[in-house]
Amino acid sequence: MSVRVVARIRPLLKSEREADVILRTGSSATDSKSRHSIIGDKSDKSDRKLAALRDRDNVVRIPNPKNEGEEYAFQFNSVYDAEVSQQELFDAEVSPTIKHLLNGFDVTLFAYGVTGTGKTHTMRGGKTLADRGVIPRLLSGIYRRSRKIEKDSEGETTVHVALSYYEIYNDKVYDLFEPPEKRTMSGLPLRDNGGKTIVCGLSEKPCTTLKEFEQLYDQANTNRSTSATKLNAHSSRSHAVLGVKVTITSPDKVRVSTASAIDLAGSEDNRRTENDKERMVESASINKSLFVLAQCVEAINKKQHRIPYRESKMTRILSLGQNNGLTVMILNLAPVRSYQLDTISSLNVANRTRKIEVREVENDPMFKGPARPSIRPSMGTRQPLRALTASVNVNMPAPAAKDSAEKEDGKPVKAFSVYSDKPQPKLISQLRKPEAPKRTSISNAPSGLPSLKTARQPLGAQPTARHDDFSAARIEEMVERKVEEILAVRAVSEQSRQTQVHELNEQLQKRLALLEQRIEGTEDARAEGLSYLLMAKQHQARGEDSSALRMYQLAAPHFPHNEKLVGKIAALKERVHTKAWEEKPHSPPKGRLGSMLSLKKDATQTLGKRQAESHEYDYMDQTHTGFSSDEDVPRPRHKKRAAAKLGQIEEAPELLDNEDPSISPRTMHILSIINSRDVSQIKLLKGVGAKKAEALVDCLCEMDQTSLDTTDSGSVSDQPQFQVNSLAQLSQLKGVGVKTVENMRQGVLA
Ligand SMILES: Nc1ncnc2c1ncn2[C@@H]1O[C@H](COP(=O)(O)OP(=O)(O)OP(=O)(O)O)[C@@H](O)[C@H]1O
């Protein structure tokens, strides 16, 4: 069966003019009668009312906005014009569904249309009896019919009505039976339950009379989000869903069915509403959900694989085409031109909705088992398994219980049940559905329903009827047990998951720290390497090839696999050797610091250069602080000054012999000045002065002489033999101390 779509055209409002009416109903051409059928004429009112109801053509016509001479025609299951009353609409469209509802079918009634077209008027209506809308009339009809069923069954069957009422506002679900202060930001969540969408945490109010309903409904409607817009003084800003759950309990079965009455919010053209910011947000949400609804309708029509129900809460709840039972869509229309485009759009959606097929399936009834004598009083006083089994056995006829408890050989059978994962009969409140023959025999029993209990008693003794012996308490017990087990397993797995996550986090942190260290280390090393390169270039620019070579060599480990650098070092080495070979006839081979001693002798030039170098070192300090921590800077441990005796230098042979490969550029600079034996340069070092410089040079010359005496090469050289290789060694020279060396260093830094 397809969705039933009926169109209802509202009368003109006070602000609207008859001249603007563009909608027509009926099959005839643009005659005055059909126009009248919309706007109303009190003279032959009742005749036209009937004509409208009997208008089997059921067509709504609207002119093409681009060509007034052309008309679009939309056919629906019924069309109701402005003269049709609330009572007539209800009698024709809603009343017949009540019978289905009480027979176990779900019923969905929803009003769809542009804002201000009469959806709320249709669903809720006004306060007077005549103005009451579909919803109060539906409830009235349900109660009336329920009383009849109860009366006809002489009290054997009872009908219970419970209500839920919620709104979908800005795509969030709020319980309308709860005051707005109790709302949470996120609203109530939705869950899928056996193909139906349910709202979690929704309150359900039992409602036994129409009066009670009216109170509850009126109160709840004060919680609904409505506001005045330019198009409707009482515009609904949300979709409101009233759920009427009807539970019919007869001696053998329980039937539950639900009627959903939905007053959708209307689509809005915000060029016309002049909505403020808040209204615009609401409007966007309303329009979006209605757009999704239209998309769902289109997708169903086109038999697409994916229907975008889940893109809005409203479509998810409405589940058009997925819900079972009966669905009636009331398309509300305004007859005037200002609504023309929106009306055409609504007519299109409704027209497509008409083609949606819904399964006319009744809800499964829940059949009741034999009545149990007692229900377990509370969860706290849970009985042990054996005792429980005994309580189950209470339901068995005594001889049968005895028979089954003892085998022929006298051995008692197991007095407990084995729980298994095999499919069990339906649990919780839904009791097992008996096999067809049993149902037939029950329904055919002349004595009617009261005979059921006695008719079923003997079944307990049959081997196949073992499951019938589950009492409600037993079933509840089993469910609780299972739930507890599942929860325990979940708790354990959640705990272990959290531990895993924690461990993983720690590991991740460690790895991150390592990576950071590695990156930082690489950066530092690279900066150091770059400083060496810079210094090398400066030395080379000044023609100090040996110093440049040394700097390049120091830089090399920081740039492994750098072929350019390797090539540069090789070329420089070559050049230095050639130079040394060329100079050989005039000068002997240089000491370990070789060409470092080739500083220019001109004092002013040297000073300028020294200042320039000092400046460069400053730059290096800023870029690489590692240079300030010279490893060879002696730490002043004692006040005791190193003796300026040659013999005492031998006390620190490692400093002399082991040339530190990581010697810093500043140290190298100081040592090169010292080894130059140039008093004019040395005296410029901080804290040295002329006297100290002369004493230092004397000391060095003395050392040169000594080393000449100790070598047996016999070669005579003008070049100094002894080279100071570290600051530690320098601090041990005559007239120099740790403090002086520190001063020299600071002088270079300053
Ligand atoms: N059949 C009708 N008979 C008399 N008045 C009607 C009818 N339909 C609608 N109206 C009037 O039209 C106005 C707008 O109706 P209503 O508020 O029901 O529109 P709506 O479609 O629910 O709008 P919204 O989507 O903004 O909530 C109201 O004043 C209402 O009384």
Side-chain angles (χ1 to χ4, degrees), residues 524-542 544-558 591-600 605-636 652 655-656 658-678 680-689 692-693 696 700 723-733 736-750:
D524 285 353
R526 196 177 149 74
E528 194 177 338
L530 283 172
S531 330
Y532 282 128
L533 280 183
L534 187 66
M535 308 250 302
K537 278 197 176 149
Q538 287 164 347
H539 279 294
Q540 209 175 350
R542 289 195 297 261
E544 298 159 6
D545 288 344
S546 300
S547 304
L549 175 62
R550 172 114 183 111
M551 290 296 137
Y552 278 129
Q553 281 170 337
L554 287 170
H558 298 289
R592 260 177 281 177
L593 286 174
S595 63
M596 280 211 166
L597 301 173
S598 64
L599 286 169
K600 286 181 183 150
Q605 258 188 346
T606 315
L607 177 63
K609 195 190 247 176
R610 198 180 82 85
Q611 281 170 344
E613 277 175 3
S614 163
H615 188 72
E616 282 158 22
Y617 294 150
D618 285 351
Y619 168 70
M620 294 304 162
D621 276 344
Q622 282 165 14
T623 53
H624 177 58
T625 50
F627 277 89
S628 63
S629 61
D630 300 338
E631 289 89 2
D632 58 350
V633 174
R635 297 281 163 247
L655 289 176
L656 218 85
N658 301 330
E659 183 186 329
D660 187 357
S662 62
I663 192 164
S664 78
R666 272 189 300 276
T667 304
M668 208 171 281
H669 178 69
I670 294 168
L671 294 180
S672 69
I673 292 172
I674 300 292
N675 286 325
S676 72
R677 288 156 175 78
D678 186 341
S680 60
Q681 281 185 62
I682 296 169
K683 74 175 183 189
L684 293 173
L685 288 170
K686 191 183 172 194
V688 178
K692 218 172 216 173
L696 226 163
L700 287 172
Q723 296 287 315
V724 182
N725 292 318
S726 68
L727 294 182
Q729 199 181 1
L730 177 64
S731 71
Q732 289 172 335
L733 291 180
V736 192
V738 174
K739 246 191 181 166
T740 314
V741 173
E742 192 57 40
N743 276 339
M744 287 178 189
R745 278 189 72 248
Q746 279 171 10
V748 174
L749 286 169

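Here, residue 1 is the first one in the sequence, and each next residue gets the next number. A quick note: this is a predicted structure, and the numbers were derived from the prediction, not measured. Only this structure's heavy atoms are used, side chains among them; waters, hydrogens and symmetry mates stay out.
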Euclidean distance, [Y] [atom2] relative to [X] [atom1], rounded to 0.5 Å:
X: Leu534; Y: His539; atom1: CG; atom2: NE2; answer: 10.0 Å
X: Leu549; Y: Gln553; atom1: CG; atom2: CD; answer: 4.0 Å
X: Ile673; Y: Leu696; atom1: CD1; atom2: CG; answer: 12.0 Å
X: Ser726; Y: Ile670; atom1: OG; atom2: CD1; answer: 11.5 Å
X: Thr740; Y: Leu685; atom1: OG1; atom2: CG; answer: 11.0 Å
X: Gln746; Y: Lys686; atom1: CD; atom2: NZ; answer: 5.0 Å

Test side chain to side chain contact (heavy atoms under 4.5 Å, CB included) applied to Ala556 - qualifying residues, sequence neighbours left out: Leu565, Ile569
For Lys739, side chain to side chain contact (heavy atoms under 4.5 Å, CB included) partners two or more places apart: none
Met535 and Met668: CA distance, side-chain angles, deciding distance, side-chain contact (heavy atoms from CB on, under 4.5 Å) verdict: CA-CA 11 Å; Met535 308 250 302; Met668 208 171 281; over 6 Å; no
For a quick test of reading the model, state the closest non-hydrogen atom pair linking [X] to [Y] and the distance between them.
X: Gln540; Y: Ala548; value: N-CB, 3.7 Å
X: Val688; Y: Met744; value: CG2-CE, 3.7 Å
X: Ile674; Y: Leu700; value: O-CD1, 3.3 Å

Working for side-chain contact (heavy atoms from CB on, under 4.5 Å), residues Leu671 and Leu727: CA-CA 7 Å; Leu671 294 180; Leu727 294 182; 4.2 Å; yes
Beyond-backbone contact of Lys537 with Tyr552, side-chain heavy atoms, under 4.5 angstrom: yes
Whether Asn675 side chain and Gln723 backbone form a donor-acceptor pair below 3.5 Å: no
